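Please read these numbers as outputs of a predicted model, since none were measured by experiment. Chain letters run A, B, ... following the sequence lines, proteins first and then strands; every chain starts at 1.
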Protein chains: 2
Amino acid sequence: MPVSPIAPLSQMMAEYSDPSQCPVRNVLDQLGDKWSVLIISALAHRPYRFGELKREISDISQRMLTQTLRDLQADGLIERTVFPTTPPSVEYKLSPMGHSFLVPLSAMVDWAFEHFPAIREARQEFARAA
Amino acid sequence: MPVSPIAPLSQMMAEYSDPSQCPVRNVLDQLGDKWSVLIISALAHRPYRFGELKREISDISQRMLTQTLRDLQADGLIERTVFPTTPPSVEYKLSPMGHSFLVPLSAMVDWAFEHFPAIREARQEFARAA
DNA sequence: CTAGGTTGTCTCTTTTTGAGACTACGTGTA
DNA sequence: TACACGTAGTCTCAAAAAGAGACAACCTAG
């Protein structure tokens, strides 16, 4: 039962022969990143400060957290607010566009959750065959 | 208007403190990869042979194509069939599970396409501010 | 006056990716 | 006969990206 084929993307592959111009690749290269997904997921419930995020996503390096947050901010998915306390604290939260991204993202997450057992099984099967 | 929060994932972040055990990260680290997305998108319309894929996704290296195909096969998303012609040709096509992945994937693609203008604008704005 | 918490940056090492030559086989062409 | 071509890959080396951890600069609490 083939699902409705990814019409937009197939057009796009033909249309944007220069990969750097393709909207989908442009966007998903950034947002498909594993840290982006985790950060956006965390910010889905509530705003976080830098250090909170670092603790929540325990295995991210400070370097990648800084960098990914800045990229997401540049793309307009999150908003960064500095509070002039001492020490200054910085709050990150989803923008409206960031919120809208939760729709496709949660579809992905649901799929992953649902099919993880099958995938793990396939991996074991594949390892046996090799 | 906050969209229904990514309930599964937030549970998961708490539940699977060991990142390598988290189903979502496990799955999306592989499938969120840019080459995986492109390959799956290509295979969405029809089966492809190795060389065809390489031509279609013109900027992928043979090395990454080989590797990504093998990983997708290991995860059970694509099926690999060798035809004993001379020279032998190999056909790759989506498995049923691979097909089911098109649903969340196309949601992502649609979102990317829709919001690309806003993102590009945000990037320019951000660059100006910096 | 020292220790700790804040948001980052800088440097070094390791991992991942890209580029491109090479394999081995058969076919068509000169 | 010999030479290039197309098939699906592998192998090696260079370049890019990511991870680890020290450091900055500031204020507060003890």
* Asked: Taking the six-membered ring of A/F126, is the NZ or CZ of A/R128 close enough (under 6.0 Å from the centre) and on axis enough (within 45°)?
  -> no

* For D/dT10, does either OP1 or OP2 sit under 4.0 Å from a side-chain N or O belonging to B/R70? -> yes

* Asked: Taking atom P of C/dG18 as reference, at what distance in whole Å does atom CG of B/L65 sit?
  -> 11 Å

* To do: Would you check if B/M108 and A/F101 make a side-chain contact, meaning some heavy-atom pair closer than 4.5 Å?
  => yes

* Atom pair distance, as rounded to whole Å: CZ in A/R63 and C1' in C/dT7 -> 16 Å

* Asked: When we call it a touch if two heavy atoms are under 4.0 Å apart, what does B/Y92 touch: a base, just sugar-phosphate, or nothing?
  -> sugar-phosphate

* Between C/dG18, D/dA22, D/dG6, spot the one nearest the side chain of B/S61, thanks. => C/dG18

* Asked: Within this structure, what is the CG-to-C1' distance between B/D33 and C/dT17, rounded to whole angstrom?
  -> 11 Å

* Send over the distance from A/M64 CE to D/dA16 P, rounded to a whole Å. => 17 Å

* Would you say a side-chain N or O of A/Y48 is under 4.0 Å from OP1 or OP2 of C/dT7? -> no

* To do: Could you state the atom-to-atom distance from CD of B/E52 to C1' of D/dG6 in whole Å?
  => 13 Å

* Atom-to-atom span, CD of B/Q67 to P of C/dT16 - whole angstrom -> 9 Å

* A/Q67 atom CD: more than 12 heavy-atom contacts under 6.0 Å -> yes

* Nearest-neighbour nucleotide for the B/Q62 side chain, D/dA20, C/dT6, D/dT10 considered -> D/dT10

* **Distance in angstrom units between A/F50 CZ and C/dG8 P, rounded** => 6 Å

* Are B/M97 and B/L28 co-members of a hydrophobic cluster defined by side-chain heavy atoms under 4.5 Å apart? -> yes

* To do: May I ask you to test the B/L77-A/H115 pair for a side-chain heavy-atom distance under 4.5 Å?
  => no

* **Closest to side chain of B/K34, choosing from C/dG8, D/dA8, C/dG18** => C/dG18

* Asked: Under 4.0 Å: is that the gap between some side-chain N or O of B/W35 and OP1 or OP2 of C/dT16?
  -> no

* Asked: Whole Å only: how far is the CD1 atom of B/I39 from the P atom of D/dA8?
  -> 14 Å

* Report yes if a donor N or O on one partner sits less than 3.5 Å from an acceptor N or O on the other, where the partners are the side chain of B/R49 and the base of D/dA8; otherwise report no. => no

* **Candidate nucleotides D/dT10, D/dG19, C/dT6, ranked by approach to the side chain of B/T66 - the nearest** => D/dT10

